[in-house]
Trainee: 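Provided herewith is a single structure, encoded as structure tokens, for subsequent inquiry.
The sequence lines fix the lettering, A, B, ..., with proteins before strands; numbering per chain opens at 1. Note that the coordinates shown come from a computational prediction; the quantities given were computed from them, not determined experimentally. We use all heavy atoms of the structure for the numbers below, so side chains are in, but hydrogens, waters and symmetry mates are not.
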There are 2 protein chains.
Amino acid sequence: MRDVAAAAGVSLKTVSRVVNGESFVRPDTAERVRDAIARLGFQRNDLARTLRGGGRTRSIGLIIEDVANPFYSQIARGVEDVARAGGRLVISGSSDEDPARELLLIRSLCERRVDGLLIVPSQTGDPRRRAELIAGTPAVFLDRPADDPAADTVLIDNLGGARTAVDHLLAHGHRRIACLVDLPEIFTARQRHQGYLEALAAHGVQADPALVRTGRHDVRGAGHAMTELLALPDPPTAVFAGNNLLTVGALRAIGAAGTRTALVGFDDVELADLLATPVTVIAHEPADMGRQAAELLEGRIRGDTGPPARILLPTRLVARGSGEIPPG
Amino acid sequence: MRDVAAAAGVSLKTVSRVVNGESFVRPDTAERVRDAIARLGFQRNDLARTLRGGGRTRSIGLIIEDVANPFYSQIARGVEDVARAGGRLVISGSSDEDPARELLLIRSLCERRVDGLLIVPSQTGDPRRRAELIAGTPAVFLDRPADDPAADTVLIDNLGGARTAVDHLLAHGHRRIACLVDLPEIFTARQRHQGYLEALAAHGVQADPALVRTGRHDVRGAGHAMTELLALPDPPTAVFAGNNLLTVGALRAIGAAGTRTALVGFDDVELADLLATPVTVIAHEPADMGRQAAELLEGRIRGDTGPPARILLPTRLVARGSGEIPPG
DNA sequence: TTGAAAGCGCTAACAG
DNA sequence: CTGTTAGCGCTTTCAA
């Protein structure tokens, strides 16, 4: 910028005025400055700008489990849309459910002075350490609650969704219903597991612990678990799969075993409608979760000082076939 | 930092030393400083640090078409893995194939002084404007070439993949093979279309223009096109779908029409193996493309000054069923 | 309408 | 081992 000023024969401040489109610059002066800018290929340094302005970096941080998981990438898209409208960029990072990695990301993002943080909190770490790092930066939690009751949070109705799924299977006559869920540390997994148990209890069906497989975190793990379940002496006639990855794993195992096992999955999955037996799911809108969280954050960044928001997003059962298969 | 220095009764520079883990600080002094840091909740300001150091922001920009499209989100994951290893964060943005949006993103990212740029270039804008903005920032192009022959580029073997797909259908006896491709401005779409034509020509099959539908950019558009094709007086017995979204659209239309139309799709899609008729695809590794591009960029950032790299990633045909359906 | 000076928060270079 | 000084590139404040 100094060079531009020299080239245009004006002061630093005048260049600054032109670059920022402030008024009170004579058109011909402005023209000369713009020429110099073009000639020198000058680009304003946003770091210096933000530093001096004491202002915003016009960026937000997004910490999710895995950018490549469609559930999270849809969230990311919703977040981006809102951030864009607010003139902000999104710096996203995958925590891979590793608390150390999460803390590292939070620290990096805060040190970069992002205007705010959107976090799907990993749940195996120490919540206080996280809270300490975040201190001062507006933050909204998605998909899972933070420990902090004062934090804005956007969740899905996990309990209700899971109950609906299992109710549906019970209504179709199933009594031996398996349950595949993620790591027990993860809030959504616990909620969905609980929803499963509650639905059974509400129908007076005795839960069989042998039919529950927790701690399945990927497609392969879910596949193995499902294969084992199907090999039981008294196998389940139906299964509730606790998320998109587990649904895929369960479907593969059922396909390989060649059984007519009913299935309802939590999260919608691409092509679910085109499978040999189209997949019944508990659907919801991840992009909407991202949008709502980002909007909440936007408000906080702008200085909103209302009470903590806690949004619960609805789910809906989409019956496509796999959930309507009758028992054996 | 000033406050920390005051609280600890030391100079600014000493605090800086402790924060940055430099040596030559007496343990008890360091301890006092660390106490003050913890008490005051101090966090180093990375903007100031980078500004003064004249150094890197330890971030890279990633511009793709849509974060939520699995093809791109897998790329993003590959990029992130390499960036992480290099201690960098990824700022990603969706251009939505809009050149204005792309330029805006490039400008924002350069003004923020990202260390480098990874770009899937939209192809409807002016390449010179893009080049001007990028000037000075290392950049690598993915999936599509930039106009610039001096630019590092990582591409998939679109031509070869498309030819393989159509060869496969021809080998199974098809002669009326439809072709669904994206907007003709897009490099990959043109290449895949050309591969289709070349395969037909190589087998001495006369191409029927009525069977080619270009300019399909989403699932719905592909669905409509496919429905029209199937309604022709002399419909195709097979179709080559030019990308993941078009494959999904075509599958939906074929499913709705209830025909036994053969299909080979470019890009692999989740659950393709579990469809009523499992989907034969031209598969490749998007994450690997992201990784390779990020590694190239990492090299440039570190000062690599070799000749421009141009990497062509292989594809492979995964025969699962839909590509092996014989003609009607 | 323009410019000079001060300073954002930090680190590099050089003293002590 | 610790402190002082200068300055990264910009904007803010005040003066001309």
Trainee: Check the side chains of N69(A) and R77(B) for a donor-acceptor pair under 3.5 angstrom, ignoring hydrogens and angles.
Mentor: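 Side-chain D/A pair, R77(B) to N69(A): absent.
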Trainee: Between R49(A) and N20(A), is any side-chain donor less than 3.5 angstrom from a side-chain acceptor?
Mentor: yes
Trainee: What's the CE-P distance between M1(B) and dT2(D), to the nearest Å?
Mentor: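 Taking CE of M1(B) and P of dT2(D), I get 14 Å after rounding.
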Trainee: Between the base of dT2(D) and the side chain of R17(B), is there any donor-acceptor pair under 3.5 Å?
Mentor: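 Present.
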Trainee: Do the non-hydrogen side-chain atoms of L117(B) and L109(B) ever get within less than 4.5 Å of each other?
Mentor: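 SC-SC contact between L117(B) and L109(B) confirmed.
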Trainee: Could you check whether T50(A) gets within reach of a base, just the sugar-phosphate, or nothing at all, counting any heavy atom under 4.0 Å?
Mentor: nothing
Trainee: Could you check how far CG of N45(A) sits from P of dT11(D), rounded to whole Å?
Mentor: 9 Å
Trainee: Does D147(B) pair with R130(B) as a salt bridge, N-O distance under 4.0 Å?
Mentor: yes
Trainee: To the nearest Å, give me how far apart NZ (K13(B)) and P (dT2(D)) are.
Mentor: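 Checked: the NZ to P distance equals 13 Å.
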Trainee: Within residues 109-116 of chain B, which residues have any heavy atom lying less than 4.0 Å from an atom of DNA chain C?
Mentor: none
Trainee: In whole angstrom, give the distance that lies between atom CZ of R2(B) and atom C1' of dG3(D).
Mentor: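 Taking CZ of R2(B) and C1' of dG3(D), I get 16 Å after rounding.
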Trainee: Any idea which of dT4(D), dC10(D), dG7(D) is nearest the S11(B) side chain?
Mentor: dT4(D)
Trainee: Does one side chain, of E80(B) or S94(A), offer a donor that lies under 3.5 Å from an acceptor on the other?
Mentor: yes
Trainee: Taking CG from L12(A) and P from dC14(D), how many angstroms apart are they, rounded to a whole number?
Mentor: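 Rounding to the nearest Å, CG of L12(A) and P of dC14(D) are 19 Å apart.
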Trainee: With sequence neighbours excluded, what pairs up with E132(B) under the side-chain hydrogen bond (donor to acceptor under 3.5 Å, both in side chains) test?
Mentor: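 Checked E132(B) against side-chain hydrogen bond (donor to acceptor under 3.5 Å, both in side chains); zero matches.
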Trainee: For a quick check of understanding: with a heavy-atom distance under 4.0 Å over all strands, which category does V10(A) fall into, base, sugar-phosphate or nothing?
Mentor: sugar-phosphate
Trainee: Any salt bridge between R291(A) and E295(A), counting N to O under 4.0 Å?
Mentor: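 Judged by the 4.0 Å cut-off on N to carboxylate O distance, R291(A) and E295(A) do not form a salt bridge.
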Trainee: For R32(B) and dC1(D), what is the distance between atoms CZ and C1' respectively, to the nearest whole Å?
Mentor: 12 Å
Trainee: For a quick test of reading the model: is some side-chain N or O of S16(A) closer than 4.0 Å to OP1 or OP2 of dT11(D)?
Mentor: yes
Trainee: Any heavy-atom pair between the side chains of R300(A) and D152(A) that's under 4.5 Å?
Mentor: yes
Trainee: Grab the CG-P distance between L47(A) and dG9(D) for me, whole Å please.
Mentor: 11 Å
Trainee: Quick check on DNA chain D: between A48(B) and T29(B), whose nearest nucleotide comes earlier from the 5' end?
Mentor: T29(B)
Trainee: Are D3(A) and R39(A) close enough for a salt bridge, meaning some N to O gap below 4.0 Å?
Mentor: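 Result for this pair is no, no salt bridge flagged.
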Trainee: D46(A) near the nucleic acid: base, sugar-phosphate alone, or nothing, with a heavy-atom cut-off under 4.0 Å?
Mentor: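 Nothing: the residue D46(A), judged by heavy atoms under 4.0 Å, touches no strand.
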Trainee: Return the set of residues passing ring-ring contact (aromatic ring centres under 6.0 Å, His included) with F71(B) (not counting sequence neighbours), or none when no residue passes.
Mentor: H284(B)
Trainee: Calculate the interatomic distance between R52(B) atom CZ and dG9(D) atom P; express it in whole Å.
Mentor: 10 Å
Trainee: Please give the angle, rounded to 10 degrees, between the axes at the start and the end of the helix from dT1(C)-dA16(D) to dG16(C)-dC1(D), where five pairs define each axis.
Mentor: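 It works out to 40° between the end axes.
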Trainee: First and last nucleotide of DNA chain C touching chain A, 5' to 3', heavy-atom cut-off 4.0 Å?
Mentor: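 The contact span of chain A on DNA chain C goes from dT1(C) to dG9(C).
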Trainee: Consider the side chain of T14(B), meaning its heavy atoms from C-beta on, and name the nucleotide among dC10(D), dC8(D), dT2(D) that approaches it most closely.
Mentor: dT2(D)
Trainee: Side chains of N158(B) and R190(B): is there a donor and an acceptor less than 3.5 Å apart?
Mentor: no
Trainee: Please table the atom pairs, donor to acceptor, closer than 3.5 Å between any side-chain atom in residues 55-65 of chain B and protein atoms at least two apart or in another chain.
Mentor:
{"from": "T57(B)", "atom 1": "OG1", "to": "S59(B)", "atom 2": "OG", "distance (Å)": "2.9"}
{"from": "T57(B)", "atom 1": "OG1", "to": "R113(B)", "atom 2": "O", "distance (Å)": "2.7"}
{"from": "T57(B)", "atom 1": "OG1", "to": "D115(B)", "atom 2": "OD1", "distance (Å)": "3.2"}
{"from": "R58(B)", "atom 1": "NH2", "to": "D46(B)", "atom 2": "OD1", "distance (Å)": "2.9"}
{"from": "R58(B)", "atom 1": "NH2", "to": "D46(B)", "atom 2": "OD2", "distance (Å)": "3.1"}
{"from": "E65(B)", "atom 1": "OE1", "to": "Y72(B)", "atom 2": "OH", "distance (Å)": "3.0"}
{"from": "E65(B)", "atom 1": "OE1", "to": "R144(B)", "atom 2": "NH2", "distance (Å)": "3.2"}
{"from": "E65(B)", "atom 1": "OE2", "to": "H217(B)", "atom 2": "NE2", "distance (Å)": "2.8"}

